[in-house]
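See below for the structure under consideration.
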Amino acid sequence: QVQLVESGGGLVQAGDSLRLSCEASGRSVSSGAMGWFRQAPGKEREFVAGISRTSSNTYYADSVKGRFTTSRDNAKNTVYLQMNSLKPEDTAVYYCAGRNGWAVVAAARNYDYWGQGTQVTVSS
């Protein structure tokens, strides 16, 4: 049974940083691409960042490019999302997701495994 567990969310002020972690069990994080999504109240779930199976490629939504960085630690079977210069519009529940394919895709329907989400709230 595959489980993805996110942690690291919280309440911060605009301009602060947070690092989200996504620890996998029952599956290696290096067995496929991993993605980060977020969903704000009343909005659809949106792609935030992704890392390919070999970590050779990372992708970011325009709204977070230059502020967020995703990485993978295969030894810890964990994927990270480093979020800097946070803005109130970054407030959302953040989810990590894994897919069996090697490439990052932005469509949530193409991911096979999902975590339960972690809340990030950025105050102005």
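What you see is a predicted model; the values in this text were computed from it and never measured. We number each residue from 1, following the sequence as shown.
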Between Y95 and F37, is the ring centroid distance below 6.0 Å?
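Judged by ring-centre distance (under 6.0 Å), Y95 and F37 do not meet the cut-off.
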When rounded to the nearest 0.5 angstrom, what is the spacing between NZ in K65 and OG in S63?
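So the NZ of K65 and the OG of S63 are separated by 9.5 Å.
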Any chance you could measure N84, atom CG, to D16, atom CG, to the nearest 0.5 Å?
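It is 10.0 Å, given to the nearest 0.5 Å.
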With clusters defined by side-chain heavy atoms of hydrophobic residues (ILVMFWY) lying less than 4.5 Å apart, directly or transitively, does [Y] cluster with [X]?
| X | Y | result |
| --- | --- | --- |
| Y80 | M34 | no |
| Y60 | F47 | no |
| Y94 | Y111 | no |
| L18 | W36 | yes |
| L86 | L81 | yes |

Restricting to non-hydrogen atoms, name the atom on [X] and the atom on [Y] that form the minimum distance, rounded to 0.1 Å.
| X | Y | result |
| --- | --- | --- |
| A24 | V29 | CB-CG1, 3.6 Å |
| S30 | S28 | OG-OG, 2.7 Å |
| S124 | P88 | CB-CG, 3.8 Å |
| M83 | V120 | CE-CG2, 3.9 Å |

Salt bridge (Lys or Arg N to Asp or Glu O under 4.0 Å) contacts in which one or both residues fall within residues 40-60, not counting sequence neighbours:
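For residues 40-60: R38-E46.
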Are any non-hydrogen side-chain atoms of N100 and Y113 less than 4.5 angstrom apart?
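Sidechains of Y113 and N100: in contact.
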Taking C-beta and beyond as the side chain, do N57 and V104 meet within less than 4.5 Å on heavy atoms?
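A side-chain contact under 4.5 Å is absent here.
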Examine distances only and state if a side-chain atom of R67 and a backbone atom of S85 form a donor-acceptor pair shorter than 3.5 Å.
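The answer is yes, because a donor-acceptor pair under 3.5 Å joins these two groups.
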Check whether R99 reaches the backbone of N110 with its side chain - one donor and one acceptor, N or O, closer than 3.5 Å.
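Such a contact is found between R99 side chain and N110 backbone.
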Taking only distance into account, with no hydrogens and no angle test, what donor-acceptor pairs under 3.5 Å do side-chain atoms of residues 3-12 form with protein atoms, sequence neighbours excluded?
residue	atom	partner	partner atom	Å
E6	OE1	Q116	N	3.0
E6	OE1	Q116	NE2	3.4
E6	OE1	G117	N	2.8
E6	OE2	C96	N	2.8
E6	OE2	G117	N	3.3

Between D90 and K87, is there a side-chain N and carboxylate O pair less than 4.0 Å apart?
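Between K87 and D90 there is no salt bridge, as every charged N stays at least 4.0 Å from the carboxylate O atoms.
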Does either side chain, that of Q119 or that of T121, offer a donor lying less than 3.5 Å from an acceptor on the other one?
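Q119 vs T121: donor-acceptor pair found between side chains.
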Between the side chains of D73 and T78, is a donor N or O closer than 3.5 angstrom to an acceptor N or O?
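No, T78 and D73 have no side-chain donor paired with an acceptor closer than 3.5 Å.
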If you apply the rule side-chain contact (heavy atoms from CB on, under 4.5 Å), what do you find for F68 with V48, and how did you get there?
CA-CA 9 Å; F68 290 11; V48 175; 3.7 Å; yes
